[in-house]
Amino acid sequence: MQVPKGLEGVIVASTQLTKIDGQAGRLVYRGYDATELAGKIPYEAVAYLLWFGQLPTNGQLLTLQGQLGNNRKLPQVVDEFLVEPSKVAEPLSLLQTSVSILGGLDSTKTASIVDASIALTARMPTIVASSYRLKHNQNLLEPRPDLGHAANYLYMLTGKVPDPRHARALDSYFTLLADHGLGASTFVARVAASTLTDVYSAVVAAISALKGPLHGGAPIYVWEMLQSIGEPERARAWLNERLAKGDRIMGFGHRVYRTEDPRSRVLKRIAQEIVSPELFNLASTVEREARDLLRKEHPERAIDTNVEFYSSLVLHAVGIPPDLFTCTFASARSVGWTAHIMEQRQDNRLFRPEAEYRGQQDLKLPETQKTETVAQQANALGRSRA
Ligand code: ACO
């Protein structure tokens with residue numbers, strides 16, 4: 001039996017949510033090209049599309065925006081929980097634990113999956129912004145129901161109504177990151193949901209998987225790489241040195257795409273509009289040099305920029321600090337995770353694959369380990385302690 005490492009190419013679920021064409025570099029949400037949706041309809045409309053299967057009418061969009069707006073405020077117990085840990089704990093752990101507390105508060109689990117999904121999506125940015133403000137000794141802000149999802153997140157972080165260009169850029173980022181098939185975190189969410197656990201617990205599991213640098217933990221490393229390279233002229237030597245050590249270049253490569261990640265294409269365009277020309281020049285030089293070096297090192301597979309490379313520029317430009325990059329990714333992906341949880345539960349069967357056993361067999365228990373001997377040893381130990 002051949003076990004595909006990392007389940008590459010294995011189909012483990014059917015979905016009507018997202019189609020990824022890795023050869024053509026195409027990402028489709030319920031029939032619509034995601035790169036066409038970004039910036040043309042608000043993230044809330046994309047959430048409606050993924051959750052309910054079709055684009056909303058104006059009335060349906062207004063209703064959902066109202067529900068999201070009304071759910072942004074955190075229960076007092078979560079605000080109180082965040083006060084001390086915010087000073088010392090990393091932001092993603094705070095987000096994960098706060099989501100867990102939100103689930104714990106709904107102890108009767110009466111909320112429908114849809115209600116819980118709306119509440120989670122509305123509250124995750126508030127958790128991130130509140131923990132950031134507490135860490136920096138700033139007062140907590142009331143959410144602004146008159147602002148869109150992305151604009152309100154920026155407002156709650158900074159206390160200022162954002163520049164509309166920044167709000168639009170972040171809204172597009174949220175749309176592009178809303179869902180992506182069975183990435184590790186979404187797969188984990190579906191596995192957890194298949195046990196009939198609650199939505200919050202499945203999302204906590206998903207956040208754990210997102211955290212790793214091979215998945216959603218990458219953008220902070222992309223940012224640090226750009227800072228460390230500093231000047232475009234240093235890019236090739238820096239990258240060469242890292243590759244010679246066997247390091248991976250963050251923001252490059254993808255399990256599914258064998259060409260440029262389509263989200264990267266759009267984020268690059270957005271970045272060009274909102275970052276400084278110097279920073280954009282540095283990033284595009286690093287992109288060019290890394291692509292060239294990776295092509296030479298791996299002629300058998302195209303290793304191109306993934307979503308994380310230009311995400312780091314866009315998030316930085318709109319005012320999100322690097323230690324909140326992965327939390328912001330999680331806040332955008334809450335829609336995809338919960339849409340997959342809903343889909344899993346519509347036609348559920350417990351996930352329970354098998355592992356190919358390669359360990360030893362037919363070993364015999366040594367005489368010294370047999371129960372009687374162990375019991376005698378325990379008695380002897382008891383006597384010596386008495
Ligand atoms: N830099 C250097 N080498 C790489 C990179 C990279 N970014 N990506 C893949 N490779 C190489 C590997 O070293 C490996 O080489 P080997 O066969 O000589 O050992 C080969 O390509 C295949 O690597 P796999 O890990 O098997 O490829 P996979 O398709 O599973 O990788 C992954 C996908 C994990 C994202 C990988 O490209 C990577 O580690 N990238 C850097 C981290 C990153 O940017 N993560 C964010 C991903 S996007 C997201 O999750 C939202």
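In listed order, ligands and their atoms are each counted from 1. All values reported here derive from a predicted model rather than from experimental measurement.
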Would [X] count as being in polar contact with ligand 1, using the rule that some N or O on each side must be under 3.5 angstrom apart?
| X | answer |
| --- | --- |
| Asn306 | yes |
| Leu214 | yes |
| His215 | yes |
| Phe252 | yes |
| Gly216 | no |

| field | Sidechain N-carboxylate O distance under 4.0 Å for Lys268, Glu260 | value |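 Judged by the 4.0 Å cut-off on N to carboxylate O distance, Lys268 and Glu260 do not form a salt bridge.
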| field | Asp292 bridged to Arg236 by N-O distance under 4.0 Å | value |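 Counted as a salt bridge, because a side-chain N and a carboxylate O are separated by less than 4.0 Å.
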| task | For Gly251 and ligand 1, answer yes if some heavy atom of the residue is under 4.0 Å from a ligand atom, otherwise no. | result | yes
| Contact with ligand 1 for Phe329, non-hydrogen, under 4.0 angstrom |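 Phe329 counts as a contact of ligand 1 under the 4.0 Å cut-off.
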Quick check for you: to the nearest 0.5 Å, what is the distance between [X] atom [atom1] and [Y] atom [atom2]?
| X | Y | atom1 | atom2 | result |
| --- | --- | --- | --- | --- |
| Tyr155 | Lys160 | OH | NZ | 11.5 Å |
| Leu120 | Ile127 | CG | CD1 | 7.5 Å |
| Glu273 | Arg269 | CD | CZ | 7.0 Å |

Could you list the atoms of ligand 1 found under 4.0 angstrom from a heavy atom of [X]?
| X | answer |
| --- | --- |
| Gly253 | 35 (C), 37 (O) |
| Ala218 | 43 (C), 44 (O), 45 (N), 46 (C) |
| Val307 | 51 (C) |

| said: Quick check on atom 18 (O) of ligand 1 - does any protein heavy atom sit closer than 4.0 Å to it? | reply: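 There is a protein heavy atom less than 4.0 Å from atom 18 (O) of ligand 1.
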| field | Sub-4.0 Å protein heavy atom near atom 23 (O) of ligand 1 | value |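 So far as the 4.0 Å threshold goes, atom 23 (O) of ligand 1 is in reach of a protein heavy atom.
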Part of [X] with heavy atoms under 4.0 Å of ligand 1, whether side chain, backbone, both or neither:
| X | value |
| --- | --- |
| Pro213 | backbone |
| Phe309 | neither |
| His298 | side chain |
| Asp261 | neither |

| request: Dump the intermediate steps for side-chain contact (heavy atoms from CB on, under 4.5 Å) on Asp106 and Asp198, then the final yes or no. | output: CA-CA 10 Å; Asp106 180 18; Asp198 60 283; over 6 Å; no
| task | Taking all heavy atoms of Ala193 and all of Ala202, pick out the closest pair and write down the distance. | result |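 Distance-wise, the nearest heavy atoms are N-CB, 4.2 Å.
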| task | Taking all non-hydrogen atoms of both residues into account, name the closest pair between Trp337 and Leu210 and its distance. | result |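 Heavy atoms of Trp337 and Leu210 come nearest at CH2-CD2, 4.0 Å.
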| said: Between His180 and Tyr257 (judged by ring centroids, cut-off 6.0 Å), do the two rings come close enough to count as a pair? | reply: yes
Got the closest protein heavy atom to [atom], with its distance?
| atom | answer |
| --- | --- |
| atom 3 (N) of ligand 1 | Leu294 CD2, 3.9 Å |
| atom 6 (C) of ligand 1 | Ile249 N, 3.6 Å |
| atom 27 (O) of ligand 1 | Arg301 NH2, 3.2 Å |
| atom 30 (O) of ligand 1 | Arg255 NE, 2.8 Å |
| atom 36 (C) of ligand 1 | Arg248 NH1, 3.5 Å |
| atom 4 (C) of ligand 1 | Ile303 CD1, 3.9 Å |

Between side-chain atoms of residues 135-142 and protein atoms elsewhere (two or more places apart, or another chain), which donor-acceptor pairs fall under 3.5 Å?
unit_1	atom_1	unit_2	atom_2	d
Asn139	OD1	Arg133	NH2	3.2
Glu142	OE2	Lys73	NZ	3.2

| request: Please say whether more than 12 non-hydrogen atoms of neighbouring residues, nucleotides or ligands are located less than 6.0 Å from OH in Tyr48. | output: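 Yes.
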| remark: Contacts of Arg26 meeting salt bridge (charged side-chain N to carboxylate O under 4.0 Å, His left out) (sequence neighbours excluded), chain-then-number -> Asp33
| task | Starting from the C-alpha separation in whole Å, work towards a yes-or-no answer on side-chain hydrogen bond (donor to acceptor under 3.5 Å, both in side chains) for Thr18 and Asp179. | result | CA-CA 7 Å; Thr18 291; Asp179 190 36; 2.5 Å; yes
